[in-house]
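All residue numbers in this chain count up from 1 along the given sequence. Source: prediction; values computed, not measured.
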Amino acid sequence: MEVILVRHGKAHEVIPGERDHDRSLTDKGWKQSRAVGKLLKKMDLIPDLVFTSPRVRALETAEGVVTASGAEGEPVVQDWLDFDLRPANVVAELGALPDEITRVVLVGHEPTFSGMVSWLLGAETGYCEVKKAALVHFSMAPPTRHGVVLKMLVPPKVLI
């Protein structure tokens, strides 16, 4: 299975009295999300399924990726992609998908995505920072992390 992690694009700052959960993408964040989708389409990496955190900025990023990549269907909101993401749980969820799902995009947040990348690669020390609108592409065989291959890490500056 191919798993592509996409950190949400640039979002508006927190406004006093509003929830962090409700922060939406800025114009730059929308451009970033569409740039990720265009890259996936150009590289023939159109996802079978896009999962997203329930936070507005992640959902909007997922929508931009789906639209620009030409993927079918709508992003699917998953609570396991929110701030309390546990890498082992994510891999178990992916392992439960039907065999015909071969490429999945996961849209989420920091610092959990950096932690997931480090965990997938078996890092005991060190840290991989996933910038806003970055893309990290893995090949793996869930429900285990054995045989994980990092195929590509694309920083946002390359996209736009």
Side-chain angles (χ1 to χ4, degrees), residues 1-9 11 20-21 25 32-156 158-159:
M1 172 182 280
E2 293 178 80
V3 178
I4 301 166
L5 304 181
V6 176
R7 183 175 171 201
H8 68 77
D20 175 72
H21 188 284
L25 292 179
Q32 290 171 325
S33 70
R34 290 188 296 268
V36 169
K38 288 176 186 175
L39 177 65
L40 294 176
K41 185 174 184 173
K42 181 178 182 177
M43 297 189 72
D44 198 26
L45 294 173
I46 298 169
D48 298 318
L49 195 54
V50 176
F51 287 129
T52 180
S53 154
R55 295 181 187 262
V56 171
R57 59 193 176 272
L59 180 56
E60 288 178 344
T61 299
E63 290 168 350
V65 169
V66 166
T67 300
S69 71
E72 294 185 18
E74 298 291 322
V76 178
V77 174
Q78 295 292 347
D79 289 333
W80 44 265
L81 283 170
D82 207 357
F83 285 169
D84 60 347
L85 178 146
R86 301 284 184 258
N89 293 349
V90 173
V91 173
E93 292 285 349
L94 296 174
L97 292 174
D99 289 342
E100 60 267 14
I101 304 294
T102 61
R103 186 175 301 121
V104 177
V105 169
L106 307 177
V107 181
H109 309 275
E110 276 295 286
T112 55
F113 266 17
S114 291
M116 178 140 181
V117 170
S118 299
W119 181 82
L120 284 170
L121 295 175
E124 293 184 27
T125 61
Y127 188 74
C128 175
E129 183 180 14
V130 180
K131 299 276 190 184
K132 288 183 177 114
L135 175 151
V136 187
H137 178 200
F138 289 99
S139 174
M140 59 192 301
T144 72
R145 70 176 179 175
H146 300 293
V148 170
V149 175
L150 175 63
K151 308 277 276 184
M152 172 175 50
L153 190 148
V154 180
V158 172
L159 297 172

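Residues L97 and L49 meet the side-chain proximity criterion, which asks for heavy atoms closer than 4.5 Å. Counting only heavy atoms from C-beta outward, the side chains of Y127 and P111 approach each other to under 4.5 Å.
Proximity of a side-chain donor or acceptor of S69 to a complementary backbone N or O of V66 within less than 3.5 Å is detected.
Salt-bridge check for R57 with D20: passed, with a basic side-chain N closer than 4.0 Å to an acidic carboxylate O.
For the side chain to side chain donor-acceptor pair (under 3.5 Å) condition, the pairs that include at least one residue of residues 104-122, sequence neighbours left out, are S53-H109, E110-S114. Sorted by first and then second residue, the side chain to side chain donor-acceptor pair (under 3.5 Å) pairs involving residues 136-148 (not counting sequence neighbours) are E2-H137.
Minimum heavy-atom separation, M116 to L85: SD-CD2, 4.0 Å. Nearest approach of E60 to S33, heavy atoms of both residues: O-OG, 4.3 Å. Scanning both residues, A62 and V50, for their nearest heavy atoms gives CB-CG1, 3.9 Å. The nearest pair of heavy atoms linking L153 to C128 is CD1-SG, 3.8 Å. The two residues P155 and A134 have their closest heavy-atom pair at CA-CB, 4.4 Å.
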- Test side-chain contact (heavy atoms from CB on, under 4.5 Å) on F51 and V107 and set out the steps. CA-CA 6 Å; F51 287 129; V107 181; over 6 Å; no
- Test D48 against E100 for side-chain contact (heavy atoms from CB on, under 4.5 Å), laying out the working first. CA-CA 9 Å; D48 298 318; E100 60 267 14; over 6 Å; no
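Applying the side-chain contact (heavy atoms from CB on, under 4.5 Å) test to V3 and every residue at least two apart in sequence or in another chain returns M1, L5, L94, L106, M140. Under the rule for a side-chain contact (heavy atoms from CB on, under 4.5 Å), the partners of N89 that lie at least two apart in sequence or sit in another chain are R86. By the salt bridge (Lys or Arg N to Asp or Glu O under 4.0 Å) test, K41 is found to be paired with no residue, residues two or more places apart in sequence or in another chain being considered.
Residue Q32 holds its CD atom at 10.0 Å from CZ of R7, rounded to the nearest 0.5 Å. Rounding to the nearest 0.5 Å gives a distance of 8.5 Å between CG of L40 and CD1 of I46. The line from CZ of F138 to CE of M152 is 11.0 Å long, rounded to the nearest 0.5 Å.
Exactly one residue among L120, L150, V6, I4 makes a side-chain contact (heavy atoms from CB on, under 4.5 Å) with V136. That residue is L150.
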N/O donor to acceptor pairs below 3.5 angstrom from side-chain atoms of residues 72-82, sequence neighbours left out:
residue	atom	partner	partner atom	Å
Q78	OE1	W80	NE1	2.9
D82	OD1	R55	NE	2.5

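Other residues, nucleotides and ligands place no more than 12 heavy atoms under 6.0 Å from the CE atom of M43.
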